Amino acid sequence: MRVAAVGDNCIDIYKEQNRYYPTGNCVDFAVNIRKLGVEVTVVSLTGTDHYGDELIEMLKKYDVDVSHLHRKEGKTGTVLMQLVGNDRLHTISDPGVFADFDLTKEDLEFIKGYDVIHSVIWGNVNQYMKTFKEWGKTIVYDFATDLDDPEIQKLLPYVDYGFFSYKQDDDFIREYLKDCCEKGLKVAIATLGEHGSIAYDGKKYYLQEALPVTVVNTVGAGDSFISGYTHGVIQGQDVPGCLRSGAEMSAKIIQLFDPY
């Protein structure tokens with residue numbers, strides 16, 4: 001099966017560490033699932049600056065298709081980052097040219113040739129989710145951290161595997177995941193940081209502990225988890241197997257500084 005990651009890209013900049021790297025939820029997801037052997041493309045919009053050059057070269061290095069990663073005169077999006085211990089903190093964001101990202105007819109025809117479509121709540125393509133679903137595609141979606149975002153309720157009928165970021169296993173998140181499945185998700189998954197992850201498939205809950213590793217940087221933990229989980233789906237694994245695949249991929253990434 002082939003995967004299209006449709007949505008964001010940016011550059012994370014750590015001024016205090018004097019380093020940066022190309023990233024974005026869709027970019028991190030694409031690179032990590034490619035490392036697992038899955039054919040993947042990134043459909044997005046980046047700038048014509050040196051950051052855009054480096055983003056494209058990095059994706060090519062990992063053999064990610066960039067034929068529909070468009071460029072527009074201007075700046076690639078940036079996020080200023082801070083490390084608090086081993087945890088990352090997003091501070092100032094500038095979307096750059098990505099603020100103008102939209103899909104063309106050619107993009108849509110291209111994406112239609114893929115089996116699995118991944119995106120994120122700020123990926124500028126929410127208006128196409130119904131279309132993707134009508135095409136019969138498997139939709140993998142990162143709803144991120146704001147569980148009260150009204151956009152979530154609009155998207156639930158069109159998503160198969162929805163991922164949320166939360167802090168712990170409690171009554172709230174269990175009811176939340178259950179409600180999401182009742183409104184359309186095939187499986188609702190919440191990553192819980194050091195507490196692992198929890199999933200609900202419309203019938204029962206499944207728990208996966210975080211694997212014990214030395215944390216260098218938590219950035220990319222969620223994206224890599226989604227990559228691993230999606231790989232499990234493609235391989236035909238059950239929910240516990242997919243959770244384990246997600247946990248294993250995430251554990252590898254948080255031992256690195258970069259998110260892939």
Side-chain angles (χ1 to χ4, degrees), residues 1-8 24-40 42 64 114-121 123 129 132-133 137-145 147 152 155-156 158-167 169 173-174 176-178 180-181 184-211 213 218-256 259-260:
M1 296 180 75
R2 304 197 305 160
V3 179
V6 186
D8 67 325
N25 298 79
C26 292
V27 169
D28 297 348
F29 167 86
V31 172
N32 284 310
I33 202 165
R34 182 68 189 120
K35 287 162 66 177
L36 293 171
V38 177
E39 184 178 344
V40 62
V42 170
V64 174
Y114 284 75
D115 306 292
V116 179
I117 299 174
H118 164 279
S119 195
V120 62
I121 194 126
M129 286 300 143
F132 296 159
K133 189 63 176 177
K137 306 304 179 183
T138 298
I139 310 299
V140 175
Y141 197 91
D142 185 356
F143 289 102
T145 58
L147 306 190
I152 292 174
L155 295 168
L156 291 175
Y158 313 121
V159 174
D160 295 293
Y161 300 92
F163 295 83
F164 305 86
S165 180
Y166 193 60
K167 56 189 177 184
D169 175 14
I173 197 61
R174 286 183 175 239
Y176 189 93
L177 297 179
K178 182 179 179 181
C180 288
C181 283
L185 295 190
K186 181 181 292 185
V187 184
I189 307 102
T191 54
L192 309 172
E194 64 181 339
H195 301 294
S197 57
I198 182 172
Y200 183 73
D201 66 353
K203 297 179 180 179
K204 63 181 292 187
Y205 295 95
Y206 305 86
L207 293 171
Q208 169 64 51
E209 294 182 353
L211 303 181
V213 295
T218 59
V219 72
D223 301 328
S224 56
F225 180 93
I226 297 173
S227 298
Y229 192 102
T230 304
H231 183 252
V233 171
I234 292 171
Q235 294 295 312
Q237 296 179 12
D238 58 11
V239 175
C242 290
L243 287 174
R244 178 73 186 187
S245 295
E248 289 173 348
M249 194 66 189
S250 183
K252 292 177 182 177
I253 297 306
I254 61 175
Q255 296 179 77
L256 309 173
Y260 36 76

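Numbers here simply count residues along the sequence, with the first being 1. These numbers were taken from a predicted model, which means no experiment stands behind them.
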Qualifying residues under side chain to side chain contact (heavy atoms under 4.5 Å, CB included), relative to Asp169, sequence neighbours excluded: Ile173, Arg174, Leu192, Ile198, Leu207
Carefully, step by step, assess Val38 and Thr230 under the rule side chain to side chain contact (heavy atoms under 4.5 Å, CB included). CA-CA 10 Å; Val38 177; Thr230 304; over 6 Å; no
Flag the pair Asp115 / Thr138 as yes when at least one side-chain heavy-atom distance between them is below 4.5 Å, and no otherwise. no
Sorted by first residue and then second, give each side-chain hydrogen bond (donor to acceptor under 3.5 Å, both in side chains) pair with at least one member in residues 240-256; sequence neighbours left out. Gln237-Ser245, Arg244-Glu248
Between CD1 of Ile139 and CD1 of Ile117, what distance do you get to the nearest 0.5 Å? 4.5 Å
Within-4.5 Å side-chain heavy-atom neighbours: Tyr176 and Tyr166: no
Any pair counted as side-chain hydrogen bond (donor to acceptor under 3.5 Å, both in side chains), so long as it reaches residues 185-195, sequence neighbours left out: none
Can you check side chain to side chain contact (heavy atoms under 4.5 Å, CB included) on Phe225 and Ile189, steps first, answer last? CA-CA 10 Å; Phe225 180 93; Ile189 307 102; 3.9 Å; yes
Does Lys133, at its NZ atom, have more than 12 non-hydrogen atoms belonging to other residues, nucleotides or ligands within less than 6.0 Å? yes
Could you pull out the closest heavy-atom pair between Ala144 and Ile121, with the gap in Å? CB-CG2, 4.3 Å
dist Asp142:CG -> Ser165:OG (nearest 0.5 Å) comes out at 8.0 Å
Compare every heavy atom of Glu39 with every heavy atom of Arg34, then report the nearest pair and how far apart it is. NH1-N, 4.0 Å
Beyond-backbone contact of Tyr229 with Val239, side-chain heavy atoms, under 4.5 angstrom: yes
Please name all residues satisfying side chain to side chain donor-acceptor pair (under 3.5 Å) with Lys137, sequence neighbours left out, ordered by chain then number. none
Taking all non-hydrogen atoms of both residues into account, name the closest pair between Ser119 and Met129 and its distance. CB-CE, 3.6 Å
Indicate the ring-plane relationship of Phe143 and Phe164, choosing parallel, tilted or perpendicular according to the 30° and 60° boundaries. parallel
Exercise: identify the closest heavy-atom pair between Ser224 and Ile253: CB-CG1, 3.4 Å
For the residue pair Asn32 and Pro259, what are the closest heavy atoms and their distance? ND2-O, 3.1 Å
With sequence neighbours excluded, what pairs up with Ala251 under the side chain to side chain contact (heavy atoms under 4.5 Å, CB included) test? Leu211, Val213
Summary of salt bridge (Lys or Arg N to Asp or Glu O under 4.0 Å) pairs that have at least one residue in residues 200-210, sequence neighbours excluded: none
Tyr141 side-chain N/O to Val120 backbone N/O, donor-acceptor pair under 3.5 Å: yes
Provide the closest heavy-atom pair for Leu36 versus Gly228 in the form atom of the first, atom of the second, distance. CD1-CA, 4.2 Å
To the nearest 0.5 Å, what is the distance between CZ on Phe132 and CG on Asp160? 13.0 Å
Is a donor on one side and an acceptor on the other found under 3.5 Å between the side chain of Asp8 and the backbone of Cys26? yes
Ring-plane angle category for Phe29 and His118, please: parallel below 30°, perpendicular beyond 60°, tilted otherwise. parallel
Distance, nearest 0.5 Å, that separates CG of Leu185 from CG of Leu155: 10.0 Å
Looking at CG of Asp223 and CD1 of Ile33, how far apart are the two atoms once the value is rounded to the nearest 0.5 Å? 12.0 Å
